[in-house]
There are 2 protein chains.
Amino acid sequence: MFERSRPAGDRPSWAAARLTWKEPVSHPMSADPTSRRDIPDATVARLPEYLRALSDAADRGVLSVSSEELATAAGVRPTQLRKDLSHLGSYGIRGVGYDVEHLALEISRALGLTQDWPVAIVGMGNLGRALAAYSGFATGGFHVAALFDEDAALVGTRIGDVLVEPMADLPRLVADRGVSIGVIATPAGSAQQVCDTLVRAGVRSVLNFAPLVLSVPGDVDVRRVDLSTELHVLAFHEQRKQLAAGQGQDVGHGVGVGR
Amino acid sequence: MFERSRPAGDRPSWAAARLTWKEPVSHPMSADPTSRRDIPDATVARLPEYLRALSDAADRGVLSVSSEELATAAGVRPTQLRKDLSHLGSYGIRGVGYDVEHLALEISRALGLTQDWPVAIVGMGNLGRALAAYSGFATGGFHVAALFDEDAALVGTRIGDVLVEPMADLPRLVADRGVSIGVIATPAGSAQQVCDTLVRAGVRSVLNFAPLVLSVPGDVDVRRVDLSTELHVLAFHEQRKQLAAGQGQDVGHGVGVGR
DNA sequence: ACATGTGAAGGCCTTCACAGCA
DNA sequence: TGCTGTGAAGGCCTTCACATGT
């Protein structure tokens, strides 16, 4: 089982805090972020889940985990986990497992979470307000640097500790506050224009909640989150299950935890 | 370009409404949902985007689209689109393109959106309220059938047109209203318990917004949406770009629209 | 002529089997 | 002995080239 020892609750803050892990002397090569390139996209997509599972383990005072324990907590197979981690380096101890704090640091470093990322959110509707108040921003390398809305009635109000600013001030504030990640929580109709404004202001990473595909220059990354898409995929599988049940015939889908 | 003719605005409602498309007599085989099985997961994940793009086209009065036009709107390659659609059937016309309304109907049918899915949302925090008010539920085969929260102060209040119910009534209401899809918008701490309650009530499709991997029986589908994960992935690519820029060296990442 | 539909090729990712090391 | 790290195998998905049909 998990090896626990440190009292639960004193969670090490990997992001932002400079870590105290000492590299064993027998491993003279220290990993800087530039030495390990070519991490597959599929692996990058799973690293945040590993980090979250490690954070949970640390909260419970766990010091060391095996690939099997960590994989279970992350909803993947142990071999998948080990292959993924092998792309970062050799941070495990053979015959033992992984040091929770050390592995969390290395994943944080790989993901770029050892620095703090200022995020701007545009669109203060229901979703935008929920995002602005989201506690997940505080933990792990992100903070809400600015909020924007085109509605004059909303400008000047506060959401949490942050003032809602007019769109006209976006270029200046994005530059002044070093915003590098923009979140679009506007209706679909204004999303492309908002995106263009963000890109012109220097933002090259965009998280898009509006239901459309944004056009951006090749050096800009866009990730989209869409509730409708998720529901549609669930409906597809649900339909399969209901058909199979109705016909008393097993389609053999069998999706378990994860995936 | 797009062939347009029908006046914009009169959008055909594929979901819920029974459609009026007449199958050409030369195609005697009508496609029922059970005839075309084995649609790859990767394809299923893209079908909602095709449907959205078709919906936009229909809104603009477009009657027919080529695979190239539709692919551009959906952020994929034309060959990808045609291969995906080939898994549903042959709904295009060679030398011409696809009938917008007909293709939308076929995709809706494949996804199971020709029937209405009652959705229950648990957790009426900022996110839960935003989801309950989300207009995307209305369009396309879903409706909010019930809202739940454990906080007695929230129970009895209305969000939109729907009353917030106590958790104790969940099993009864889920059964009475035929809920088959559950949305979890609670904190991580109560998510597993809520999930167990939903599954015990008969829900076999779950959309999880809480930051943890849920344990469910093998016949239950879970999809997770996590803001932190999306931000982490963006931070990874952003770090790459900043390193590349700092060293005046092109890493050649080049992520464009989509992907 | 032109755009769809599809077998085949290629590439990426997952899984396996076992080598490597504490 | 036990668990990590990894080359090799296998499977899924994307892309290509072209056959097919209007």
Side-chain angles (χ1 to χ4, degrees), chain A residues 1-3 23-27 29 31 36 38-47 49-50 54 63-72 74-100 102-103 106-107 253 255-259, chain B residues 1-3 24-27 29 31 36 38-47 49-50 54 63-72 74-100 102-103 106-107 253 255-256 258-259:
Chain A
M1 255 314 257
F2 288 98
E3 173 196 326
E23 195 77 22
V25 190
S26 54
H27 278 194
M29 170 94 95
R36 289 277 176 178
D38 65 287
I39 302 178
D41 284 349
T43 294
V44 172
R46 283 186 294 266
L47 290 180
E49 192 59 33
Y50 302 156
L54 286 167
L63 294 182
S64 173
V65 293
S66 67
S67 64
E68 181 154 354
E69 291 162 345
L70 190 54
T72 299
V76 301
R77 303 278 169 78
T79 53
Q80 173 103 274
L81 174 77
R82 294 203 299 275
K83 176 65 92 180
D84 283 341
L85 295 183
S86 77
H87 291 114
L88 307 187
S90 291
Y91 299 127
I93 302 166
R94 294 175 195 235
V96 178
Y98 301 88
D99 178 277
V100 169
H102 179 215
L103 183 56
E106 293 300 343
I107 294 177
H253 188 251
V255 171
V257 177
R259 176 148 289 238
Chain B
M1 254 318 253
F2 289 98
E3 174 196 326
V25 189
S26 54
H27 279 194
M29 169 96 96
R36 288 278 175 179
D38 65 286
I39 302 178
D41 284 348
T43 295
V44 172
R46 284 185 293 266
L47 290 180
E49 191 59 33
Y50 302 156
L54 286 167
L63 293 183
S64 173
V65 291
S66 67
S67 63
E68 181 153 355
E69 292 163 345
L70 190 54
T72 299
V76 301
R77 304 278 168 79
T79 53
Q80 174 102 272
L81 173 77
R82 293 203 299 272
K83 177 62 94 179
D84 283 341
L85 295 183
S86 76
H87 291 113
L88 308 188
S90 291
Y91 299 126
I93 302 166
R94 295 177 194 235
V96 178
Y98 301 88
D99 178 278
V100 169
H102 180 214
L103 184 56
E106 293 300 343
I107 294 178
H253 188 250
V255 171
R259 174 151 293 234

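Throughout, protein chains are lettered first and strands after them, A, B, ... in sequence-line order, and every chain is numbered starting at 1.
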N/O donor-acceptor pair under 3.5 Å between Gln80(A) side chain and Arg77(A) backbone: no
Tyr98(A) side chain near dA22(C) phosphate (N/O to OP1/OP2, under 4.0 Å): no
Result of checking Thr43(B), Ile107(B), Leu88(B) against Tyr50(B) for side-chain contact (heavy atoms from CB on, under 4.5 Å): Ile107(B)
Distance, rounded to the nearest Å, where Asp38(A) contributes CG and dC13(C) contributes P: 11 Å
Where Arg82(A) and Ser67(A) come nearest, the two heavy atoms and their spacing: NH1-OG, 3.0 Å
Integer-rounded Å distance: dT14(D) C1' and Arg82(B) CZ: 13 Å
Nearest-angstrom distance from the residue atom OH of Tyr91(A) to C1' of dG20(C): 19 Å
Ile39(A) CD1 - dC13(C) P separation (whole Å): 12 Å
Asp84(A) or Ile93(A), whichever maps to the more 5' nucleotide of DNA chain C: Asp84(A)
Atom-pair distance (CG on Leu81(A); P on dC13(C)), nearest Å: 17 Å
Worked check of side chain to side chain contact (heavy atoms under 4.5 Å, CB included) between Leu85(B) and Leu103(B): CA-CA 9 Å; Leu85(B) 295 183; Leu103(B) 184 56; 3.9 Å; yes
Given DNA chain C, 5'-ward residue of the pair Gly97(B) and Ala42(A), judged by closest heavy atom: Gly97(B)
Value in whole Å for how far the P atom of dC16(D) lies from CZ of Arg77(B): 7 Å
Donor/acceptor link under 3.5 angstrom from Arg94(B) side chain onto base of dT20(D): yes
Sugar-phosphate, base or nothing in reach of Pro40(A), heavy atoms under 4.0 Å: sugar-phosphate
side-chain N/O Gln80(B) vs dC13(D) OP1/OP2, d < 4.0 Å: no
Nearest-angstrom distance from the residue atom OH of Tyr50(A) to C1' of dT4(D): 15 Å
Given dG5(D), dG7(C), dT14(C), the nucleotide with the shortest approach to the side chain of Lys83(B): dG7(C)
Among dT4(D), dG5(D), dC13(D), the nucleotide that comes nearest once only the side chain of Ser67(A) is considered: dT4(D)
Candidate nucleotides dG5(D), dC13(C), dT15(D), ranked by approach to the side chain of Asp41(A) - the nearest: dC13(C)
For atom NE2 of His87(B) and atom P of dT14(D), their distance in whole Å: 10 Å
Separation of Leu54(A) CG from Tyr98(A) OH (nearest 0.5 Å): 10.5 Å
Which nucleotide in dA17(D), dT14(C), dG5(C) has an atom nearest any side-chain atom of Thr79(B): dA17(D)
